[in-house]
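Nothing here was measured: the structure is a model prediction, and the numbers come from that model.
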Amino acid sequence: MVKNSPLFLLFSGLLLVGLFLSGVYCGALPELGYELKAAARSGDASAQLELARAYYEGVFGMPDMARAAHWLQQAADQGNTDAEHILGRFYVNGVGVEQDAAAGIALLRKAADKGQPQAQAYLAQVFGQGMGVPRDPTQFLYWTRLAAANGDAQSQYNLAVLHLTGTLVPVDPATAHDWLVLSAEQGYTQAQIALGEYLVQGIDRDPDVVEACKWFAIAATRGHPKGREYLSQIVEHMTVAQMDEAAALAEAWLAARGLR
């Protein structure tokens, strides 16, 4: 092609424009998560925790557990309670780090001693199942009680079951009922099912099929496999008025939590 020909000049011009635009756009495109990463590098513990979550979930591509653990460590070193809790679980299970149950439990205890309910609940699981340590029912009960008192829904359910069965604690249906209500109101579907069963059987009180039906309906709506089964069974023993009342109560509960 002749260098001074119109076709050559046009081609050269397009090439230069393409190179220019390529340089402009490559320079203008920020690194994915740039602001979050910059904040984390500057020492913001909350940003470090969020960046760890992003790596764990694969926000920047494939999940990267090692990087997640790195940023959790940075936040934990600053005393971030949530980071201590999650990093403790990483060490107990060997996620993103070499498995070290002792290090994991130490981190979990730091968070638990600060009142972090999920760390308390996980410590209960560690001692209840013997995850890297000997099983210890006393420690299991201690941390379950603390986590339940601090609002952990699963621990509230677990404590209710202990009081219903008399495991590690005296049988106490009334206390079990109260823990089931707290857990169910938080949306823990297993507690909703258990509370429905409790109310159908009328343990230490008169049966309440309307309230039981309400909880079965809520659990069914939220995907619990037993919810629909129990709902279909209980409506066979209810009047139309009772079913309408239960449905209204369930709808109100779901709507109040933005689930409708």
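Placement of Y230 and L195 in two distinct hydrophobic clusters is found when ILVMFWY residues are connected by side-chain heavy-atom separations under 4.5 Å, directly or transitively. Under the 4.5 Å side-chain heavy-atom criterion for grouping Ile, Leu, Val, Met, Phe, Trp and Tyr, L164 is not connected to V171 through any hydrophobic cluster. Transitive grouping of hydrophobic side chains (ILVMFWY, heavy atoms separated by less than 4.5 Å) brings F140 and L159 into a common cluster. Side-chain heavy atoms closer than 4.5 Å link hydrophobic residues (I, L, V, M, F, W, Y) into clusters, and following such links, even through other members, never connects W179 to W215. In the hydrophobic clustering of ILVMFWY residues, with side-chain heavy atoms under 4.5 Å counting as a link, L108 and L72 come out apart.
With contacts defined as side-chain heavy-atom distances shorter than 4.5 Å, the pair R41/W71 qualifies. Side-chain atoms of Q190 and H224, non-hydrogen and from C-beta on, do get closer than 4.5 Å to each other. Residues D152 and L146 are not in side-chain contact: their nearest non-hydrogen atoms beyond the backbone lie 4.5 Å or more apart. Between K110 and H85 there is no side-chain heavy-atom pair separated by less than 4.5 Å. The shortest side-chain heavy-atom distance between P173 and H163 does not fall under the 4.5 Å cut-off. Looking only at side-chain heavy atoms (C-beta outward), W143 and R109 come within less than 4.5 Å of each other. For the pair Y198/H177, a side-chain contact is recorded, criterion being any heavy-atom separation below 4.5 Å from C-beta on. Here the side chains of D77 and Q73 are in contact, with some heavy-atom distance below 4.5 Å.
Within 6.0 Å of CZ on R67 lie no more than 12 heavy atoms contributed by other residues, nucleotides or ligands. Around NZ of K37, the count of heavy atoms belonging to other residues, nucleotides or ligands within 6.0 Å exceeds 12.
The residue from I193, T221, V209, V235 that alone fulfils the side-chain contact (heavy atoms from CB on, under 4.5 Å) condition with F216 is I193.
Between F60 and Y55, the ring-plane angle classifies as perpendicular under the 30° and 60° cut-offs.
Looking at every heavy atom in both residues, A119 comes nearest to A112 through CB-N, 3.8 Å. Taking both residues in full, the closest heavy atoms of A68 and Y56 are given as CB-N, 3.9 Å, listed atom of the first, atom of the second, then distance. Considering all non-hydrogen atoms of both residues, V92 and Q99 come closest at O-NE2, 2.8 Å. Across every non-hydrogen atom of T81 and A111, the tightest pair is O-CB, 3.5 Å. Here the shortest heavy-atom pairing between A75 and A83 reads CB-CB, 3.6 Å. The heavy-atom pair separating S42 from A39 by the smallest distance is OG-O, 2.6 Å.
Here the CG-CD distance, from L249 to E211, works out to 6.5 Å after rounding to the nearest 0.5 Å. Note that CD of Q154 and CD of Q186 are 11.5 Å apart. Values are rounded to the nearest 0.5 Å. If you take CD on E185 and CG on L180, they are separated by 11.5 Å, rounding to the nearest 0.5 Å. Between atom CG of residue L51 and atom OG of residue S46 there is a gap of 12.5 Å, rounded to the nearest 0.5 Å. Considering CG of D44 and CG of L49, their distance stands at 10.0 Å, rounded to 0.5 Å. For the atom pair CG of N158 and CZ of R145, the computed distance is 13.0 Å after rounding to the nearest 0.5 Å.
Between the side chains of Q48 and N80, no donor-acceptor pair of N or O atoms lies under 3.5 Å.
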* For I234 and V200, what are the C-alpha separation, side-chain angles and deciding distance, and is it a side chain to side chain contact (heavy atoms under 4.5 Å, CB included)? -> CA-CA 8 Å; I234 196 172; V200 167; 3.6 Å; yes
* **Test side chain to side chain contact (heavy atoms under 4.5 Å, CB included) applied to L259 and W253, step by step** => CA-CA 9 Å; L259 300 174; W253 190 94; 4.0 Å; yes
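K226 and E229 are not joined by a salt bridge, as no carboxylate oxygen comes within less than 4.0 angstrom of a charged side-chain nitrogen. At a threshold of 4.0 Å, the pair R89-E84 does not count as salt-bridged, since none of the basic side-chain nitrogens sits closer than that to a carboxylate oxygen.
At distances below 3.5 Å, not a single donor-acceptor pair connects side-chain atoms of Q201 with backbone N or O atoms of P207. Between the side chain of Q242 and the backbone N or O of V210, no donor-acceptor pair lies under 3.5 Å. Without hydrogens or angle criteria, S155 side chain to A147 main chain gives no donor-acceptor distance under 3.5 Å. Of the possible polar contacts, one joining the Q116 side chain to the Q118 backbone as a donor-acceptor pair under 3.5 Å is found. Between the side chain of K214 and the main chain of E245, no donor-acceptor pair closer than 3.5 Å is present.
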Scan the side chains in residues 121-137 for donor-acceptor partners under 3.5 Å anywhere in the protein, sequence neighbours excluded, and list what turns up.
{"from": "Y122", "atom 1": "OH", "to": "N93", "atom 2": "ND2", "distance (Å)": "2.8"}
{"from": "R135", "atom 1": "NE", "to": "G128", "atom 2": "O", "distance (Å)": "2.9"}
{"from": "R135", "atom 1": "NH2", "to": "G128", "atom 2": "O", "distance (Å)": "3.2"}
{"from": "D136", "atom 1": "OD1", "to": "T138", "atom 2": "N", "distance (Å)": "3.1"}
{"from": "D136", "atom 1": "OD1", "to": "Q139", "atom 2": "N", "distance (Å)": "3.1"}

